[in-house]
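Here the structure comes first, spelled out in structure tokens, and everything after it is commentary.
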Amino acid sequence: MDRTYSAILMLTVLQSVMNEQQRVLQVEVVSLGTVATTSTTSLAFTAAAMETALEEFAETEYIGVLNMTLTLLYNSSIVDDDAMPDYSDDMLAKWYYLTRLENVHVAVIVLPGGPEDLPTNYLAKNWNVLLITCGSSRANIKNKVESPTWVTTTSFSASLATEVYGDLVAKYNWSSLFVVLDHASSPVFHSAADAIVEHFELLPGFQLTSAMLDCSKKEENLRTLELFPKISRVLLFFGHAEPFRTFMIHAHSVNRTGKDYVYVVLEPYHHNIIGNFTWQHFDQHDEAAYEAFQSVLLLAPDDPALHQGSEAAHFSRKWRNMTLTAFNYTYAEGEMFVPTVASSHYTMDFLAMALKESMEIDDFDFANGTALAQHFMNRSFQVDGEDFFMDQYGRRQVKWRCSYFDNETGQFVPFLERNDKLQQLLDVAPVVWYRGNILPPNEPICGFLGFRKACRPPEDRTWVSGVVATVCCILLIPVGTYAIWRLCLKQARSKWWLIDGLRLLDMAHNRSVIHLR
């Protein structure tokens with residue numbers, strides 16, 4: 001009797017343990033990328049951020065709910081981001097078919113971001129596996145036939161940037177655009193410039209000119225600045241802060257700055273790699289740069305994950321130590337984290353929330369990556385007191401700010417803001433533009449070349465008047481002569497009967513010398 005009771009009790013406890021284990025969702029997160037520290041999307045930086053998030057889950061409300069394991073896929077011999085697409089398919093296929101963890105309910109691919117996102121999206125679609133990119137996004141993420149499982153948590157993407165630029169130029173009716181890309185800039189600028197050019201080239205009513213140059217060379221800058229005012233007054237610059245300052249100094253030197261010109265520069269994120277978009281370098285060019293920057297508008301996303309006091313800032317010391325230990329990389333004094341690091345950390349929070357919500361749905365199929373991706377669309381995630389909004393395509397939306405240069409403080413001041421939910425560019429303060437509040441029109445009143453009739457200088461009209469007067473005189477002389485002759489003839493005919501005595505004497509004289517024979 002006692003033995004039977006003990007056996008029943010043991011079976012009950014074992015069944016309870018098994019049920020408890022079944023209730024814990026087993027999740028494998030696989031992340032693919034390079035470990036080269038020259039890349040802003042390197043696993044050397046992002047892996048630490050994801051790992052700290054998983055460690056945190058083990059001490060929070062996810063205990064007994066989620067068990068998440070991180071698997072890193074990388075080849076240390078690959079040091080170039082552009083080479084990753086050549087290897088990513090093979091690396092992911094080996095994981096998916098050969099080395100995937102057993103007894104896992106959910107497999108999720110999380111990419112730091114890079115050119116491998118496109119081939120990975122193709123695999124994720126066919127495997128029906130949730131794909132999250134933390135540092136990149138593409139325009140085709142909006143096509144849910146091609147990208148049914150793809151969502152992105154990046155704070156900056158070229159596809160979103162095109163929408164912001166579209167709002168800006170529409171607000172001020174700018175349709176003649178001049179795009180300049182510094183060829184030595186980071187890939188983030190190249191992808192943004194390419195997306196902007198492709199976007200506006202397809203829109204009717206826009207005149208677009210683009211140039212890629214080495215902004216460190218004065219002759220290339222001057223050649224571009226000579227062409228610029230002949231076809232536009234709005235220049236969109238894509239490049240690091242240092243070459244942009246050089247470009248603006250050259251623009252000032254040839255009178256291509258002032259209230260009639262506007263230069264829109266992009267700051268995708270605030271980081272040492274990008275540089276500081278400031279006029280002041282404490283050198284001999286500061287005065288010229290200060291004058292030139294008054295013609296500049298600064299366009300930048302505002303990522304709450306990078307705000308001081310955020311959860312990401314709390315883990316900064318630990319991230320530095322883990323990166324040193326795992327990848328032998330030491331952060332320099334004052335070196336900031338790239339946004340992909342904080343984004344990777346918060347991505348794990350978003351994923352945990354979405355998975356927990358899915359567990360509350362009866363008979364939810366966790367092998368269905370398309371269904372799981374739906375939990376990232378048209379919603380907000382609240383983490384660390386911040387609200388992170390995802391749109392209908394599964395793209396994280398952030399606020400964007402457009403700032404003008406305050407010539408009194410020498411700082412950029414926001415005057416436009418694009419709300420992350422409304423996705424509209426709204427006025428938040430009056431703009432100050434050369435002591436006025438009106439930005440330059442698309443085209444000057446006199447035209448790009450100043451040849452419109454109403455704007456021609458006075459000497460041009462005097463010259464034309466002189467020519468007209470001369471021509472008129474030439475035409476009037478024969479006309480006047482003919483008119484006088486006709487008048488005289490008319491008078492003579494009207495007095496045919498009048499006898500002229502002098503004429504008779506003359507006739508008599510003539511006859512006196514004529515001898516008749």
Side-chain angles (χ1 to χ4, degrees), residues 161-180 196 200 205-208 225 228-238 241 244-245 247-249 251-267 270 276-280 286-302 398-450 452 454-455:
T162 59
E163 297 177 13
V164 179
Y165 274 90
D167 290 347
L168 180 64
V169 300
K171 182 177 180 66
Y172 296 105
N173 296 315
W174 293 332
S175 58
S176 300
L177 308 176
F178 199 105
V179 178
V180 169
I196 294 294
F200 285 110
F206 280 87
Q207 176 183 321
L208 189 72
L225 289 164
F228 167 48
K230 298 177 182 178
I231 51 180
S232 178
R233 287 295 186 273
V234 182
L235 190 145
L236 312 181
F237 186 93
F238 296 89
F244 175 68
R245 180 177 182 266
F247 186 83
M248 291 306 300
I249 291 171
H252 180 264
S253 70
V254 290
N255 297 320
R256 296 295 187 262
T257 58
K259 64 182 181 64
D260 295 326
Y261 295 89
V262 58
Y263 295 80
V264 183
V265 63
L266 171 70
E267 185 181 38
H270 190 65
N276 187 10
F277 286 93
T278 179
W279 58 276
Q280 192 170 33
D286 275 357
E287 184 177 352
Y290 180 85
E291 294 292 333
F293 266 55
Q294 295 180 52
S295 298
V296 174
L297 295 180
L298 179 67
L299 199 59
D302 180 25
V398 300
K399 291 181 179 179
W400 280 72
R401 290 178 176 173
C402 186
S403 305
Y404 70 89
F405 183 81
D406 188 335
N407 61 358
E408 293 185 0
T409 64
Q411 303 294 324
F412 283 101
V413 178
F415 71 101
L416 295 176
E417 186 175 281
R418 190 176 193 265
N419 190 284
D420 53 349
K421 293 185 177 66
L422 296 178
Q423 300 175 30
Q424 295 178 355
L425 203 58
L426 304 175
D427 296 293
V428 294
V431 63
V432 178
W433 192 259
Y434 288 90
R435 296 185 177 86
N437 57 2
I438 300 177
L439 290 172
N442 178 69
E443 185 176 358
I445 297 176
C446 298
F448 292 122
L449 299 176
R452 285 185 181 161
C455 301

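Taken to the nearest 0.5 Å, the CZ atom of Phe244 stands 8.5 Å off from the CG atom of Leu298. In this structure, CG on Leu425 lies 12.5 Å from CZ on Arg401, to the nearest 0.5 angstrom. Taken from SG in Cys402 to CD in Glu417, the straight-line distance is 11.5 Å, to the nearest 0.5 Å.
Residue Pro440 comes nearest to Lys259 through the heavy atom pair CG-O, 3.0 Å, listed as atom of the first residue, atom of the second, then distance. In terms of heavy atoms, Tyr261 sits closest to Pro229 at OH-CB, 3.6 Å. Heavy atoms only, all atoms of each residue included: Pro414 and Ala429 are closest at O-CB, 3.8 Å. Of all non-hydrogen atoms in Ser295 and Tyr434, the two that sit nearest each other are OG-OH, 2.7 Å. The minimum heavy-atom distance linking Asn442 with Ser175 is given by the pair OD1-N, 2.7 Å. Taking every heavy atom of both residues into account, Arg245 and Ala289 meet most closely at NE-CB, 3.9 Å.
The shortest side-chain heavy-atom distance between Thr257 and Gln294 does not fall under the 4.5 Å cut-off. In this structure, the side chains of Asn276 and His270 come closer than 4.5 Å at one or more pairs of heavy atoms. Taking the side chain as every heavy atom from C-beta outward, Asn437 and Val432 never approach each other to under 4.5 Å. Two residues are said to be in side-chain contact when any heavy atoms from C-beta on lie closer than 4.5 Å; Met248 and Val296 meet this criterion. Taking the side chain as every heavy atom from C-beta outward, Asn419 and Gln424 never approach each other to under 4.5 Å.
Remark: Gln280 CD is packed, more than 12 non-hydrogen atoms of other residues, nucleotides or ligands lying under 6.0 Å away. No more than 12 heavy atoms of other residues, nucleotides or ligands sit less than 6.0 Å from atom CD1 of Ile445. Within 6.0 Å of the NZ atom in Lys399, the count of heavy atoms belonging to other residues, nucleotides or ligands does not exceed 12.
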Does Ile438 form a side chain to side chain contact (heavy atoms under 4.5 Å, CB included) with Val431? I'd like the steps, not just the answer. CA-CA 7 Å; Ile438 300 177; Val431 63; over 6 Å; no
Hey, mind stepping through Tyr404 and Phe412 against side chain to side chain contact (heavy atoms under 4.5 Å, CB included) and telling me if it holds? CA-CA 5 Å; Tyr404 70 89; Phe412 283 101; 5.9 Å; no
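For Arg418 and Asp302, the salt-bridge test fails: no basic side-chain N is under 4.0 Å from an acidic carboxylate O.
The side chain to side chain contact (heavy atoms under 4.5 Å, CB included) test with Leu416 singles out one residue from Val428, Leu426, Leu168, and that residue is Leu168. Paired with Phe178 under the rule ring-ring contact (aromatic ring centres under 6.0 Å, His included), one option of Phe228, Phe448, Phe206 passes, and it is Phe228.
Between Tyr263 and Phe247, the angle of the ring planes goes over 60°, which puts this pair in the perpendicular group of the 30/60° scheme. Using the six-membered ring where Trp is involved, Phe293 and Phe405 have ring planes that are perpendicular, over 60° apart on the 30 and 60° scheme. The aromatic rings of Phe238 and Tyr165 are tilted relative to each other, their planes meeting at an angle between 30° and 60°.
Arg256 places a side-chain N or O within donor-acceptor distance of the main-chain N or O of Leu225, the cut-off being under 3.5 Å. Counting only distance, with no hydrogens or angles, the side chain of Trp279 and the backbone of Gly410 share a donor-acceptor pair below 3.5 Å. Not a single donor-acceptor pair under 3.5 Å links the side chain of Asp406 to the backbone N or O of Gln411. Proximity of a side-chain donor or acceptor of Thr162 to a complementary backbone N or O of Ile196 within less than 3.5 Å is not detected.
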